[in-house]
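For reference, the structure discussed in these notes is given below.
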Amino acid sequence: MSRDHVQSAQRPGTGAEAPFLELLARGASADAYEQPVLLARAEGLPPERIRALEQAKRLALHVRAEMEGRRRREAELSALFETAHDLAGLRDLDAVLQAIVQRARSLLSTDVAYLTLHDEAAGDTYMRVTEGSVAARFQQLRLGMGEGLGGLVAQTARPYVTPDYFEDDRFQHTRTIDTGVRDEGLVAILGVPLMIGAQVIGVLFAADRRARVFEREEIALLGSFAALAAAAIDTANLLTETRSALDRLARANEIIRDRSAVIERASDVHDRLAELVLRGGGVHDVAAAVSQVLDGTVEFTEADAAPAAPLEASRAEGHAVRHGDDWIAAVTAGGELLGALVLCGHPGLDPVDQRTLERAAMVTSLLLLARRSAVEAEQRVRGELLDDLLDGRDRDPRVLRERAARLHADLDATHVVLAARLDGAAADADQEAAARRRLWSAASHLAATRHGLAAARDGGTVLLLPLEAGDTATDLARRTARHLGTAVHEPVTVGASAPVEDLTGDPDAVAAAYAEGQRCLDALRLLGRAGDGAAAEDFGFLGLLLAGDRDIAAYVGRTIGEVVAYDERRGTDLVRTLDAYFACGMSPARTKDELHVHVNTVAQRLERVGRLLGDDWQSPARALEIQLALRLHRLSSRP
């Protein structure tokens with residue numbers, strides 16, 4: 001950016017954001033955003049002008065980070081769809097695998113990416129494709145099962161990552177492998193398995209020539225590419241099998257005639273599925289297309305709704321499995337079970353049609369992964385906005401409202417902050433982490449459907465939900481506890497704040513409301529009410545301790561408001577009679593002496609109190625609350 005542009009943007013009447021908008025427009029580096037502020041200071045501009053430039057710089061850097069994140073996520077999804085497109089039109093396996101490795105290296109910004117395949121005859125794995133490699137010995141490496149990081153991935157069927165290969169003793173180092181890695185100069189290595197069903201057929205790697213910590217999102221992205229590579233290999237195998245079948249059919253005209261219709265159906269479903277992927281079709285579109293080709297009814301079902309035994313068999317074998325008159329094909333990705341395609345009432349299924357069903361299950365997994373990536377991206381954005389509200393960051397009300405509006409949330413509406421936590425006992429740390437992820441996912445889905453926000457925090461989840469007319473914080477807390485508990489199949493306890501109206505004006509409003517919700521949640525658990533939901537108003541006088549604003553007048557009104565109002569309307573002395581009654585140990589005889597009235601008068605007044613407060617007003621718990629309310633009323637009434 002030239003000095004003239006900066007000076008022009010800093011003249012009176014020129015917006016402080018102008019130089020930064022120009023930087024954003026031309027995609028400048030983060031360091032360039034310091035220049036307008038430095039020039040302003042060098043020219044001795046007024047402090048308020050410099051502060052305005054500083055604020056504009058921070059907002060511009062935030063927008064730049066948001067844009068970079070969106071571009072990165074768009075690039076990831078674009079690469080996945082491009083690879084899926086390559087797979088849909090697979091003709092050259094080497095070209096598809098080379099494209100997968102190239103895109104993995106580009107998106108993860110690593111020095112090298114490579115792919116190894118399992119050699120069943122030799123019992124080891126060999127280098128199949130490399131990108132960015134410069135060492136010949138490394139390109140010819142073979143890894144035995146359990147040797148090196150790749151051998152450990154192939155043996156355990158799990159991803160492994162090391163920030164420093166030569167300092168990591170979790171896997172077996174061999175001279176051959178270490179020499180090859182040293183020749184290539186690799187330090188940080190990430191490896192994920194290539195799976196067809198439950199079988200590991202190879203490993204996909206991304207590596208750097210410097211120490212590096214791979215993030216969870218990068219591991220998941222490489223896993224997605226590994227799933228596509230495995231699908232490409234399986235598809236190539238299927239094409240090889242099909243070509244062999246065609247060669248045999250060419251030698252027998254009768255077999256050709258019998259199989260021609262089947263081959264046409266396979267080609268038809270191939271074209272239809274490719275078209276569905278290209279135009280962004282959904283899971284049910286795939287089921288409808290396969291239903292037409294197989295001349296039957298194909299439905300997609302969630303994993304817990306399909307028959308367990310045949311579903312697990314299909315997952316383990318990587319093929320469709322017959323179940324009575326139905327066929328079931330597991331929909332999996334990276335070892336995760338996403339659901340199943342069920343062909344109903346079609347017991348006779350030839351091998352080609354079976355492969356068609358399995359191919360449809362594979363395409364379904366790709367579509368589900370793409371949809372999940374989009375949902376997770378939106379969930380992250382909702383969580384980031386709620387984190388900013390909780391931590392007091394980005395306090396520009398206009399910016400906060402604009403960010404919320406993009407998520408269909410209205411920060412000007414009255415909201416309730418809810419703290420939610422699991423109460424089921426986890427067997428180990430992995431199960432506990434998985435349960436927390438399920439809770440966060442369920443809370444994020446609830447927030448999206450209710451036009452609210454959700455974020456993971458303090459070992460649980462915090463939600464910001466709008467309060468509808470006629471609803472209370474207590475009702476909302478209980479509904480949320482039931483909804484989340486049903487979604488995660490475990491008890492979920494929810495504490496709610498009092499309604500919050502000024503979300504953007506008061507920088508501490510959301511954080512204070514969250515603290516109040518946490519206190520209610522802790523109180524529920526201490527009282528043995530795990531799996532329930534409540535707000536401070538539900539705890540009687542304990543609510544005074546839980547509520548962030550200590551609303552004493554509301555507590556007094558809820559507890560003895562009927563008696564106070566009766567005295568004011570009728571000119572009676574019920575409040576003073578109650579004071580004296582409790583001061584005299586709840587003895588009517590001593591109370592009449594204290595008040596200098598007849599004992600019958602005391603009895604009549606207490607009978608009136610009972611009608612106003614309820615028959616249980618003298619029970620220990622109610623008596624304690626009433627005495628506290630009387631004292632607070634007396635203190636608040638003093639001049």
Side-chain angles (χ1 to χ4, degrees), residues 216-217 220 302 304 371-391 403-404 406-411 413-426 430-468 471-500 503 509-511 513-522 524-525 529-535:
R216 182 186 306 169
E217 293 81 4
E302 301 292 341
D304 56 1
R371 185 177 68 182
R372 176 188 293 180
S373 297
V375 170
E376 289 178 351
E378 180 179 343
Q379 290 176 346
R380 284 195 297 271
V381 173
R382 289 182 182 275
E384 289 167 1
L385 176 55
L386 183 51
D387 283 334
D388 288 348
L389 289 169
L390 286 166
D391 298 333
R403 292 172 60 190
R406 288 194 292 270
L407 299 171
H408 305 290
D410 180 10
L411 295 186
T414 300
H415 285 72
V416 173
V417 179
L418 303 108
R421 198 174 304 161
L422 288 165
D423 280 293
D430 290 340
Q431 289 190 9
E432 182 178 359
R436 289 181 178 178
R437 286 194 296 271
R438 290 197 303 272
L439 175 62
W440 176 76
S441 178
S444 298
H445 181 265
L446 177 61
T449 57
R450 288 289 311 278
H451 305 295
L453 306 173
R457 181 167 287 228
D458 301 324
T461 301
V462 54
L463 299 95
L464 181 68
L465 298 180
L467 189 65
E468 297 179 356
D471 210 354
T472 67
T474 299
D475 295 336
L476 185 57
R478 289 175 178 167
R479 283 200 307 272
T480 302
R482 289 195 300 270
H483 179 94
L484 296 180
T486 301
V488 303
H489 306 294
E490 292 186 36
V492 177
T493 307
V494 176
S497 73
V500 183
L503 292 177
V510 179
Y514 175 52
E516 180 179 333
Q518 284 185 304
R519 288 194 294 271
C520 290
L521 187 151
D522 292 338
L524 283 171
R525 302 177 79 184
R529 292 173 57 185
D532 198 359

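Throughout, numbering of the chain's residues begins at 1 and tracks the sequence. Note that the coordinates shown come from a computational prediction; the quantities given were computed from them, not determined experimentally.
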Check [X] against [Y] and note the closest heavy-atom contact, atom names and distance.
X    : Y    : value
V416 : P499 : CG2-CA, 4.2 Å
G452 : P466 : CA-CD, 4.3 Å
R478 : D532 : CG-OD1, 4.0 Å
A496 : A477 : CB-CB, 3.7 Å
L484 : A420 : CD1-CB, 4.0 Å
A535 : T474 : CB-OG1, 3.8 Å

Quick check: does any side chain N or O of [X] sit under 3.5 Å from a backbone N or O of [Y], one acting as donor and the other as acceptor?
X    : Y    : result
S444 : W440 : yes
H415 : V500 : no
T414 : L467 : no

Spacing of [X] atom [atom1] and [Y] atom [atom2] [to the nearest 0.5 Å]:
X    : Y    : atom1 : atom2 : result
R421 : T461 : CZ    : OG1   : 10.0 Å
S441 : L446 : OG    : CG    : 11.5 Å
L463 : L453 : CG    : CG    : 9.0 Å

Stepwise side chain to side chain contact (heavy atoms under 4.5 Å, CB included) check, Q518 with R457:
CA-CA 11 Å; Q518 284 185 304; R457 181 167 287 228; over 6 Å; no

I'd like to check L476 versus R450 (side-chain heavy atoms, cut-off strictly below 4.5 Å). Are they in contact?
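Yes; the side chains approach each other to less than 4.5 Å.
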
Do the side chains of R479 and D471 get nearer than 4.5 Å, heavy atoms only?
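Touching, per the 4.5 Å side-chain cut-off.
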
Step by step, would you call E490 with D423 a side chain to side chain contact (heavy atoms under 4.5 Å, CB included)?
CA-CA 7 Å; E490 292 186 36; D423 280 293; over 6 Å; no

Considering the options L503, V462, L411, which one meets the side-chain contact (heavy atoms from CB on, under 4.5 Å) requirement together with V510?
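Only one option passes, and that is L503.
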
